[in-house]
Amino acid sequence: MQTIRGTLLFILIVSFALITLPILAQQVIATVPVGTGPGGEAINPVTNKIYVSNYNSGTVTIIDGSTLATTDVNVGTLPVAVAVNSSTNKIYVSIYYTNSVTVIDGATLSTTSISLNNPGIMTVDELRNKIYNVNQIDNTITVIDGATLSTSVVSVGLAPSSVAVNPATNKIYVPCYGSNSVTVVDGATLFTTAVATSQGPEAVVVDQVTNKIYVSSISGGVTVIDGATLSTTTVAAGGWAFAIAVNPVTNKIYVPSATGNNVTIIDGVTLSTTTVPAGNWPFNIAVNSATNRIYVVNNRSNSVTVIDGSNNAIANLAVGNSPTPVVVGPANNRTYIGNVTDNTVSVIDGTPPTALQFVAVAPCRLIDTRLTGGPIQAGTFRNFPIPQEGGCNIPTTAAAYSLNVTVVPQVILGYFTIWPAGQPQPV
């Protein structure tokens, strides 16, 4: 513990071992070099492998989630998106330049190419081994059969922007930016239905538990679709919402707003909302439902805002330049953020710490500078090793302290600061 700026003081200890906040345990533990322009990410939670598509180098970098060792696979010019079927251990990469999808065998790393017009964002139905690829220019989606690699093309609305699937109902949802609608595709018949949304639908997420579909829009509204009836409800949120995520365990929906630099949290039961701050231009978001942590990627402030879903407390972590894609690894509670202009991936360790027990002790004066050491002069500091001071029998295993600090100034005191020894003085 350090103190500064006092002229005469004593410190009276009342109690110790303050419980730490789990949100503060989040930290960037590694920065992994990958290919040039890491614009897409996907994860296989079974093998704990992370796949990063590198737009400018024509490769996919495979990161081992345990060791962080990397392997590069050549996939073709301008890979724009990547998706994984963890059941078959196959990886699908949209190749913009050659109008194709490269399929990587996760075991052998051998590749196969499928012809596809204007491939883009993908999602996978692992239950049926189907891959759904958005073809924005053609106003279609392509359905890839994962077993045979045969394809079917389905017409949707204008300028489809993303895609999500509910394997439980075999329904596919495609927001169409140009027609202010979501095209609902029946996976069995490929029959389509259009559902009106707020202006400029951008991203979609499905809560399989409630069979509700949430669509974020550039205009700021979130359209809630009942998967059974296709009836809709609109919830106000911030504008330019490029992404949306849901925690099916808590039934909370998270919508980052790039114009508001915040995140709207929607209660899935009441549709009431709460807003928490984020960094500059929150562009992407991911949820770890096991730890109830939400990771908001702030593209222009080169940071990630971590939200504690239990109390909406936040912590901000610095990452690389122009962070964009994000995936959560449930195997070890790590989160991976691709830094597009750094050609790296930041790895965040999100394992919650063991909660500490609060232990009250009898009042004990730890140090009195009137008796030991003399006054602390202005502009200087002094360290006090708490377990060793005052004969208060404070255990060395204590991780945090609750202190009463009293200052007895001899002259006018501008301010007084106390902080953990060895760390920068706070402002």
Side-chain angles (χ1 to χ4, degrees), residues 23-45 48-57 59-70 72 79-84 121 203 205 241-245 247 254-258 261 263 276-309 314-351:
I23 193 71
L24 300 179
Q26 310 289 313
Q27 59 180 326
V28 177
I29 60 169
T31 302
V32 180
V34 293
T36 308
E41 287 183 327
I43 190 166
N44 187 335
N48 196 17
K49 297 288 177 66
I50 300 89
Y51 298 89
V52 184
S53 59
N54 305 303
Y55 184 79
N56 293 322
S57 60
T59 61
V60 164
T61 298
I62 305 170
I63 303 175
D64 186 297
S66 299
T67 66
L68 300 184
T70 61
D72 286 337
V80 293
V82 59
V84 169
I121 293 174
V205 67
F242 297 109
I244 190 168
N247 186 339
Y254 298 87
V255 190
S257 167
N261 293 331
V263 176
V276 298
N280 189 8
W281 204 256
F283 184 82
N284 210 344
I285 191 167
V287 169
N288 186 334
S289 58
T291 62
N292 198 13
R293 298 291 181 271
I294 300 88
Y295 298 86
V296 186
V297 178
N298 306 307
N299 181 264
R300 294 181 181 174
S301 59
N302 301 329
S303 66
V304 171
T305 299
V306 186
I307 304 173
D308 185 326
I314 64 172
N316 289 299
L317 303 177
V319 292
N321 290 320
S322 303
T324 303
V326 55
V327 292
V328 171
N332 50 13
N333 291 321
R334 289 179 177 177
T335 302
Y336 305 86
I337 293 93
N339 306 304
V340 175
T341 56
D342 276 356
N343 306 323
T344 61
V345 168
S346 295
V347 183
I348 298 175
D349 183 5
T351 303

Considering all heavy atoms, the nearest [X]-[Y] contact:
| X | Y | result |
| --- | --- | --- |
| Val296 | Pro282 | CG1-CB, 3.6 Å |
| Asn339 | Pro38 | O-CG, 3.4 Å |
| Asn302 | Gly320 | CB-O, 3.3 Å |
| Gly309 | Tyr254 | CA-OH, 4.0 Å |
| Val82 | Tyr51 | CG1-O, 3.7 Å |
| Ala243 | Pro256 | O-CD, 3.2 Å |

Item checked: Residues Thr335 and Asn288: side-chain donor-acceptor under 3.5 angstrom -> no

Does a side-chain heavy-atom distance below 4.5 Å link [X] with [Y]?
| X | Y | value |
| --- | --- | --- |
| Tyr55 | Val80 | yes |
| Lys49 | Asp64 | yes |
| Thr305 | Val263 | no |
| Asn299 | Thr324 | yes |

Looking at [Y], is its backbone amide N or carbonyl O close enough to the side chain of [X] to form a donor-acceptor pair, meaning the two atoms are under 3.5 Å apart?
| X | Y | value |
| --- | --- | --- |
| Ser53 | Gly40 | yes |
| Arg334 | Gly65 | yes |
| Asn247 | Asn292 | no |
| Asp342 | Asn321 | yes |
| Asn343 | Val34 | no |

From [atom1] ([X]) to [atom2] ([Y]), nearest 0.5 Å:
| X | Y | atom1 | atom2 | result |
| --- | --- | --- | --- | --- |
| Ile314 | Gln26 | CD1 | CD | 12.5 Å |
| Ile337 | Thr344 | CD1 | OG1 | 10.0 Å |
| Ile62 | Thr70 | CD1 | OG1 | 9.5 Å |
| Ser257 | Trp281 | OG | CH2 | 8.5 Å |
| Asp72 | Thr59 | CG | OG1 | 5.0 Å |
| Ile29 | Ser346 | CD1 | OG | 11.0 Å |

Item checked: Asp308 and Arg293: CA distance, side-chain angles, deciding distance, side chain to side chain contact (heavy atoms under 4.5 Å, CB included) verdict -> CA-CA 5 Å; Asp308 185 326; Arg293 298 291 181 271; 3.4 Å; yes

Next item on the list: Take Ile63 and Leu68, measure what side chain to side chain contact (heavy atoms under 4.5 Å, CB included) needs, and give me the verdict at the end.
Entry: CA-CA 6 Å; Ile63 303 175; Leu68 300 184; 4.0 Å; yes

Check: Does the pair Asn298 and Ser303 meet the rule for a side-chain hydrogen bond (donor to acceptor under 3.5 Å, both in side chains), with working shown?
Finding: CA-CA 5 Å; Asn298 306 307; Ser303 66; 3.0 Å; yes

Notebook entry, point to check: Should Thr36 and Asn54 be marked as a side chain to side chain contact (heavy atoms under 4.5 Å, CB included) after you check the CA-CA gap, both sets of side-chain angles, and the distance that decides it?
Noted result: CA-CA 5 Å; Thr36 308; Asn54 305 303; 5.5 Å; no

Notebook entry, point to check: So Val345 and Glu41, side chain to side chain contact (heavy atoms under 4.5 Å, CB included) or not? Walk me through it.
Noted result: CA-CA 10 Å; Val345 168; Glu41 287 183 327; 3.8 Å; yes

Margin query: Among Val326, Ile43, Val32, which residue satisfies the side-chain contact (heavy atoms from CB on, under 4.5 Å) criterion with Tyr336?
Written below: Ile43

